[in-house]
Chemist: 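Sharing a structure below in structure tokens format, with a few things to ask.
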Amino acid sequence: MLRTARGARAMFAFVLTLACVFLMGQALGVPIAAFLIAFPVTVFCCATISDDEVRARIGNIVALSASAGAMFTLSALLHGAVINHLVFVAVIGLAAYMRQYGGAWIPAGLAGNVSYFFGSFLKPDMATLHWQWAGVAIGAASALIVHQLVVPHRPWRRMRWSVGSIRMRMSDLLVTAADFRGTRDLPRLRRDLARVASAVTIAETELENLPGGRLAHRPLAEALIATLVLAERLALQLQRDSTTISSNKMRHDLTEMASALTHYTPLPDDADVTSIASAIAELERTLRLSPDLAAAKGHAAPSKARVEAQLRFGIQPAAAAALAIVGGVMLSPDRWYWAVITVFVMFTGTYSRGQALAKSLKRTLGTLAGILVAMALVWLLGGNIQLALALMPVAIFFIFYAFVQSYTWMAFWITVTVALLFSVMGRFSDTLMLLRLEETAIGALAGILVAALVLPKSTAAHAREQFNALLEATASVLKAAMPDGPLDRLQLTAAVHDFEAKLASLRDALEPLRFIPLGRASGQRDNISRQLVLTSYWVHEIALAVRHMDSAGGEHATNHAVAAAASLQDVIGRLRKPGHDELSPDIDDAPTPLPLDTGNSSTTLTSACLGVSTALKSTARHITDRTLQSRAFRF
């Protein structure tokens, strides 16, 4: 949903900007190229800025536009190739360093880099530079119009779409559960559970955009977690024992429930699926509640963590850019910037050598596939400029639709867009596309070399950092769930959200193992991923159990539950010690996932604390025990 809106805004903004610069050029007798900077400005304003609050949106658009105009002007003023390249390296390093502070620095840095290379490429006459600043204004105005009027921000609509997506994903999971026959269906079951979790995560993110933010919508946030817990219970029970759903009646009930979710018919109330039906009904009930703005104002939002910026994140992209410029210029003095852009994008969100290697492979493969498709597409167009121009907004839509979801597909669509652009300009050739692939490969190689040799960080070291952050977040959830005084459900909701963010970061840190074609690497990733799924499930069970106890009138945890929580805190403290290597063996008495109709909250809390402890110890063992690590993990 958010990806669709981002892509649609970029596409419509491109079309509006094209119309504006064409009309202005015709009226003033100025070529469209004199306003070319308008296109990256408007596209990036629509694709990277998603603030629902108008003032923040306008502020970020102004920051991005000012950065683009300033960098374009600076590049145009520097005519010497050597000084231009040196400044470009400095700009890339500074932008990458400031990106750590988030906010407007991210889109402004991206636009600044692209605009600098535009200036180097176009080499505008200083007498016409004011037209490019007019282009900046046109791009910013077009983006604001699209943001406000064409594809306006409607957080409530996106939230409703998110809940609808959860219904559809849950329906798929129930169908899979009804048809589940054992090991051969495990990949499908895991995929469907991951999709439910992803839909819930998107909905939780959308909560921040609603009036009052997350704090004003606590019942909805709790309903989302309750729905996810039931999905996890069902899927994990089936993974452990395929005979969990053995009766034909329960299979029929699950299928009927899935159909009701898909077609929005009344949900069945059979005993076997009552808990799921109740959770979905509660989710949609809380969606209709008005925001509790008083609670949001009366409860301080969690303070943002202090940013500890590291020079490493600026030095590595700058060094890789310098190396890419040398290699790119040796190959082509006119197209070297393709290698540099590969480096800049490659180091966005990259924290380890493994991630650099994975992103370089994705970029190269995406570019290669894009070149093959672009050659066929341009051949089919047969030089029809109007049709090529009409297809460009579509390609731009898919670039930013894939912006977060798939780096490979983003590289693919960028290449297709570049091919269409050169086709419109009458400069497309197979040789030019081959050169793009070669420059991309040079940039990817430069990034890998720098990531491996300049202030390197292994996948293992990065994963250990993210695991320590996950341990801290887990401890915060436990502290919020079992406080010394009354339960603060708002604080608990915020702690669970932070836990999920840290869990996602750890999963991203392990992602490079997916692209290493070695069984040991994929086996290690699969083992850790299974334990992270269990960790997520049991932490959600803790949050749900204490909420049920609170709703029941302040029911107190039993001594067994208190002891289990204290033991979990001890385990977290031990695992968080610097340099700790977990070598304890696997235990055979790990708790099993709870059945759908679990009712005793205190017993659930006891089992959940033990489950989190077991899963965290197993995760730590696969991350810190070198005998269980793959070589790819240590790269």
Side-chain angles (χ1 to χ4, degrees), residues 3 96 99-100 187 190-191 193-202 205 312-313 316-317 320 342-367 369 401-412 444 447-448 450-452 456-471 473 499-536 615-616 618-624 628-635:
R3 290 183 292 142
R99 192 163 49 201
Q100 299 174 83
R190 290 170 177 164
R191 180 203 64 191
L193 176 59
R195 287 179 174 177
V196 173
S198 176
V200 171
T201 299
I202 292 172
T205 302
R312 172 177 173 272
F313 293 109
Q316 280 191 330
T342 296
V343 165
F344 180 75
V345 178
M346 179 177 160
F347 277 97
T348 301
T350 301
Y351 304 96
S352 67
R353 291 179 297 205
Q355 288 179 325
L357 176 60
K359 291 193 76 171
S360 67
L361 292 175
K362 291 179 182 179
R363 176 82 180 190
T364 305
L365 290 175
T367 301
Y401 182 83
F403 189 71
V404 176
Q405 190 72 11
S406 174
Y407 184 66
T408 305
W409 278 107
M410 186 183 75
F412 171 87
I448 293 172
V450 168
K457 177 182 287 187
S458 67
T459 300
H462 180 51
R464 180 61 183 264
E465 290 179 357
Q466 299 308 308
F467 180 63
N468 288 341
L470 178 66
L471 291 172
F499 163 83
E500 290 168 344
K502 298 299 190 297
L503 188 72
S505 296
L506 178 53
R507 284 176 170 145
D508 288 342
L510 299 170
E511 193 64 15
L513 299 183
R514 179 192 295 272
F515 301 95
I516 307 299
L518 299 173
R520 188 173 175 83
S522 59
Q524 182 186 7
R525 179 184 176 277
D526 290 344
N527 288 330
I528 297 176
S529 296
R530 279 194 292 270
Q531 297 306 318
L532 293 181
V533 169
L534 289 171
T535 302
S536 172
L616 287 177
S618 183
T619 303
R621 185 163 48 255
H622 283 92
I623 288 178
T624 62
L628 299 178
Q629 295 176 357
S630 62
R631 290 185 178 179
F633 188 65
R634 293 195 291 270
F635 175 74

Chemist: To check you understand the geometry: which heavy-atom pair defines the closest contact between L503 and S536, and what is its length?
Modeler: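 Looking at all heavy atoms of both residues, the shortest contact is CD2-CB, 3.6 Å.
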
Chemist: Using the ring centroid of each side chain, check whether F347 and F313 are separated by less than 6.0 Å.
Modeler: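 Between F347 and F313, the centre distance exceeds or equals 6.0 Å.
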
Chemist: Please report the closest heavy-atom contact between A358 and P512, naming both atoms and the distance.
Modeler: CB-CA, 4.2 Å

Chemist: Considering only heavy atoms from C-beta outward, does the side chain of T459 approach that of R353 to under 4.5 Å?
Modeler: no

Chemist: Where do A444 and T342 come nearest, in terms of heavy atoms and distance?
Modeler: N-CG2, 3.7 Å

Chemist: So, taking the atom named OG1 in T367 and the one named CZ in F412, what distance separates them when rounded to the nearest 0.5 Å?
Modeler: 10.5 Å

Chemist: Taking the side chain as every heavy atom from C-beta outward, state whether R507 and V533 have any atom pair closer than 4.5 Å.
Modeler: yes

Chemist: Would you say the side chain of R530 lies within less than 4.5 Å of the side chain of R190, judging by non-hydrogen atoms?
Modeler: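 Yes, their side chains come closer than 4.5 Å.
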
Chemist: Within the side chain of Q524, is there an N or O that forms a donor-acceptor pair under 3.5 Å with the backbone of R520?
Modeler: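 No; judged by distance alone, with no hydrogens or angles, the pair does not exist.
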
Chemist: Between F633 and I623, is a side-chain contact (heavy atoms from CB on, under 4.5 Å) present by the stated rule, with each step listed?
Modeler: CA-CA 9 Å; F633 188 65; I623 288 178; 4.3 Å; yes

Chemist: At what distance, to the nearest 0.5 angstrom, does OH of Y351 lie from CZ of R312?
Modeler: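 Nearest 0.5 Å value for the OH-CZ distance: 10.0 Å.
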
Chemist: Any side-chain heavy atom of R525 within less than 4.5 Å of one from R514?
Modeler: yes

Chemist: Taking the side chain as C-beta and beyond, is there a heavy-atom pair between Q629 and H622 under 4.5 Å?
Modeler: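 Side-chain contact under 4.5 Å: no.
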
Chemist: Identify the heavy atoms of A509 and Q466 that sit nearest to each other, and give their distance.
Modeler: CB-CG, 4.1 Å

Chemist: Nearest 0.5 Å please: distance from the CD1 atom of I528 over to the CG atom of L510.
Modeler: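 Going from the CD1 atom of I528 to the CG atom of L510 covers 5.0 Å.
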
Chemist: Within the structure provided, determine whether V345 and Y407 are in side-chain contact (heavy-atom separation under 4.5 Å).
Modeler: yes

Chemist: Shortest non-hydrogen contact from I448 to S360?
Modeler: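 Smallest interatomic distance, heavy atoms only, reads CD1-OG, 3.1 Å.
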
Chemist: Under 4.5 Å between any side-chain heavy atoms of L513 and S630, yes or no?
Modeler: yes

Chemist: Please check this pair: side chain of T535 against backbone of Q531, looking for a donor-acceptor N/O pair closer than 3.5 Å.
Modeler: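 Yes, T535 side chain to Q531 backbone: donor-acceptor pair under 3.5 Å.
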
Chemist: Starting at OG1 of T364, measure out to NZ of K359 and round the result to the nearest 0.5 Å.
Modeler: 12.5 Å

Chemist: Backbone N or O of L471 within a donor-acceptor pair of the K502 side chain at under 3.5 Å?
Modeler: no

Chemist: When you measure from the centre of the six-membered ring of F344, is the NZ or CZ of R99 closer than 6.0 Å and no more than 45° off the axis?
Modeler: yes

Chemist: Of all heavy-atom pairs between R363 and A411, which one has the smallest distance, and what is that distance?
Modeler: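 Answer, listing the atom of R363 first, then A411: O-CB, 3.9 Å.
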
Chemist: Would a distance-only check, ignoring hydrogens and angles, find a side-chain to backbone donor-acceptor pair under 3.5 Å from S198 to A194?
Modeler: no

Chemist: Hey, are the side chains of M410 and K362 touching, using non-hydrogen atoms and a 4.5 Å cut-off?
Modeler: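 The answer is no; the side chains never approach within 4.5 Å.
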
Chemist: Working to the nearest 0.5 Å, report the span between OG of S505 and NE2 of H462.
Modeler: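 It comes to 7.5 Å.
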
Chemist: If you measure from OG on S618 to CG on N527, what distance do you get to the nearest 0.5 Å?
Modeler: 7.5 Å

